[in-house]
Amino acid sequence: MPQLEIVMISFHSPLPNRDVERQLLDTPIIAHITLPNLRMFSFKGVSAYLEGLIRISTPVLSELHIVLFNQMTFTVPRLLQFVDTSEILRFSTVQLAFYDNTADLVAFPLGGQSSYPFRVQIMCRHLDWQISSAAQILDSLQPVLSVVEKLTLNHLKHNRSSEWHNEVDRTQWRQLLRPFSNLKILHVQSELVGRLAGSLQTDDEEPPLELLPNLKEVGYSGGDDARDAFTPFIDERQVAGHPVDLGMVDPSVFSR
C-alpha cells in the first residue's frame, strides 16, 4: 500500500470488545510499517482501537482527525509516536472548545489557520468530564504541545440540567494547562473566566511559576468582572518578576 494517501476508519458502536481491546494493546509490533504517501488519517471509535491502528510511520501526514467515544480513561501512548513520525504536524496554536456534547481540540501550524490539520473530538457531556478527558489527551501529547505559544479556551453554555457537573476543580484546570510549558498567550472566553481564573494562582506549596512559566498575555471576553477575576493572578506574577499583560479581546477571537 505504498501509494495510499487517505485512510478513514469509523466504528459505530462506542462499546469495545474487551478481548479484542486487550489483544490490540498487548500485541507486539513484529514489523514496522511506513506509508510514505499518506496525507490524511481519520478515525472514529475508542482509544484502544486507535492505538492498535497507529503503529505506522507517516512522514508526509498533514491532516489527522480523531473522534473518540466517551471513556473514563484514555490511554493513548502511541498517539505521540504517530504524530512524531510526521514531518509536517508541528503546532504553534491550539484551540480548545467545550460544547454540550463534545470537547473539541484543534491545533494549527504557525501562520496557517485555514483548515484543521490536527483535530481530536471527544464525545462526552458535562464540562468536568470534558476537562478531565481533554487533559488526558493533552498529557499524552505533552512533548508536541510544549512548543505551542497560543491557547484559546472557548465554551458554549451547557444545559442547566447538568450545571452541577459544570464545576471543575482547580486540579483539573491545572492538569489541562500543564502541557503548555512554553505558552505565551492565553485567551479565555467569558463563560470560562470565573471557573479558570482562580486556578491559575499558586498555593503556599507551589513555586509562583510552576504553571505556564512563560506566559506573557491573558486576553478575555466579558466586562469588569472578568478583569477582576484575573487580577490576583496578574498581581502574583508581577510580584514574582514575570509580569503578564491583561486585556479584553474581541469576541470574534472565539468563533471559528
Side-chain angles (χ1 to χ4, degrees), residues 91-99 103-107 126-139 141-142 145-158 160 162-256:
F91 316 117
S92 66
T93 300
V94 169
Q95 294 182 4
L96 268 172
F98 303 101
Y99 303 110
D104 191 7
L105 184 162
V106 181
H126 309 312
L127 185 62
D128 56 347
W129 293 356
Q130 292 176 353
I131 295 290
S132 175
S133 298
Q136 294 177 59
I137 300 298
L138 292 172
D139 182 66
L141 295 169
Q142 186 164 348
L145 299 175
S146 64
V147 299
V148 169
E149 296 189 351
K150 181 179 179 181
L151 172 65
T152 299
L153 299 177
N154 195 7
H155 180 258
L156 179 67
K157 189 173 179 63
H158 285 53
R160 292 185 179 181
S162 64
E163 190 63 31
W164 69 283
H165 272 293
N166 291 340
E167 295 303 320
V168 182
D169 66 33
R170 177 179 183 275
T171 299
Q172 287 178 302
W173 280 119
R174 294 178 75 85
Q175 288 175 342
L176 183 81
L177 295 173
R178 189 161 283 114
F180 300 98
S181 57
N182 194 48
L183 194 72
K184 294 179 172 57
I185 301 172
L186 174 64
H187 287 164
V188 185
Q189 194 261 354
S190 59
E191 292 288 340
L192 294 176
V193 167
R195 298 181 171 101
L196 172 66
S199 302
L200 294 175
Q201 295 176 252
T202 56
D203 62 24
D204 294 336
E205 298 179 356
E206 295 169 337
L209 300 180
E210 187 267 341
L211 185 72
L212 306 181
N214 295 299
L215 190 65
K216 303 294 184 185
E217 175 188 324
V218 172
Y220 62 91
S221 64
D224 291 340
D225 289 345
R227 170 174 283 276
D228 292 345
F230 280 116
T231 297
F233 169 69
I234 300 300
D235 292 345
E236 181 181 79
R237 285 298 174 95
Q238 184 72 34
V239 171
H242 290 264
V244 175
D245 293 331
L246 177 64
M248 185 182 299
V249 296
D250 192 282
S252 64
V253 168
F254 303 99
S255 63
R256 55 173 171 79

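All residue numbers refer to positions in the sequence shown, counting from 1. FYI, side chains are in, hydrogens and waters are out, and symmetry mates aren't considered; it's all heavy atoms of this structure. Predicted model, so just to flag it, every value in this text is computed and none were measured.
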Task: Atom of S221, atom of A226 and distance for their closest heavy-atom approach - done: O-CB, 4.1 Å
Task: Reported CD1-to-CG distance for the pair I137 and L105, which is rounded to 0.5 angstrom - done: 8.5 Å
Task: CG on D169 to OG on S199, rounded to 0.5 Å - done: 8.0 Å
Task: Contact check, side chains of N154 and Q95, non-hydrogen atoms, under 4.5 Å - done: no
Task: Value rounded to 0.5 Å, distance of CG in L153 from CG in L186 - done: 5.5 Å
- [ ] State, yes or no, whether a side-chain contact exists between L127 and L192 at a heavy-atom distance under 4.5 Å.
- [x] yes
- [ ] Please tell me if the side chains of F230 and V244 come closer than 4.5 Å, counting only heavy atoms from C-beta onward.
- [x] no
Task: Exam field: side chain R195 to backbone W173, donor-acceptor pair closer than 3.5 Å - done: no
Task: Closest heavy-atom pair and its distance - E236, Q201 - done: OE1-CA, 3.7 Å
Task: Donor-acceptor under 3.5 Å (T152 side chain, H187 main chain) - done: no
Open item on the list: Using 0.5 Å steps for rounding, measure from the CD atom of Q189 to the OH atom of Y220.
Closed with: 14.0 Å
Open item on the list: Measuring only between side-chain heavy atoms, which start at C-beta, is T202 closer than 4.5 Å to R174?
Closed with: yes
Task: Pair N214, K216: side-chain N/O donor-acceptor within cut-off below 3.5 Å - done: no
Open item on the list: Is there a side-chain contact between Q175 and D139 in this structure, where contact means two heavy atoms from C-beta onward sitting under 4.5 Å apart?
Closed with: no
Open item on the list: Side chains of H242 and L212, heavy atoms from C-beta outward: is any pair under 4.5 Å?
Closed with: no
Task: Residue pair V193 / D225, side-chain heavy-atom distance below 4.5 Å - done: no
Task: Minimum side-chain heavy-atom gap L200-L215 below 4.5 Å - done: no
TODO: Using the side chain to side chain contact (heavy atoms under 4.5 Å, CB included) rule, take N182 and E149 through it: C-alpha gap first, then chi angles, then the decisive distance, then the call.
DONE: CA-CA 6 Å; N182 194 48; E149 296 189 351; 3.9 Å; yes
Task: Interatomic distance, L151 atom CG to L177 atom CG [nearest 0.5 angstrom] - done: 6.5 Å
TODO: Could you please spell out the steps behind the side chain to side chain contact (heavy atoms under 4.5 Å, CB included) verdict for V94 and L183?
DONE: CA-CA 10 Å; V94 169; L183 194 72; over 6 Å; no
Task: salt_bridge(E206, R178) N-O dist < 4.0 Å - done: no
Task: CD on Q238 to OG1 on T231, rounded to 0.5 Å - done: 12.0 Å
Task: Over 12 non-hydrogen atoms of neighbours within 6.0 angstrom of CG in D224 - done: no
Task: D250 (side chain) donor-acceptor with V253 (main chain) under 3.5 angstrom - done: no
TODO: State whether the side chain of Q130 and the backbone N or O of Y99 hold a donor-acceptor pair below 3.5 Å, judged by distance alone.
DONE: yes
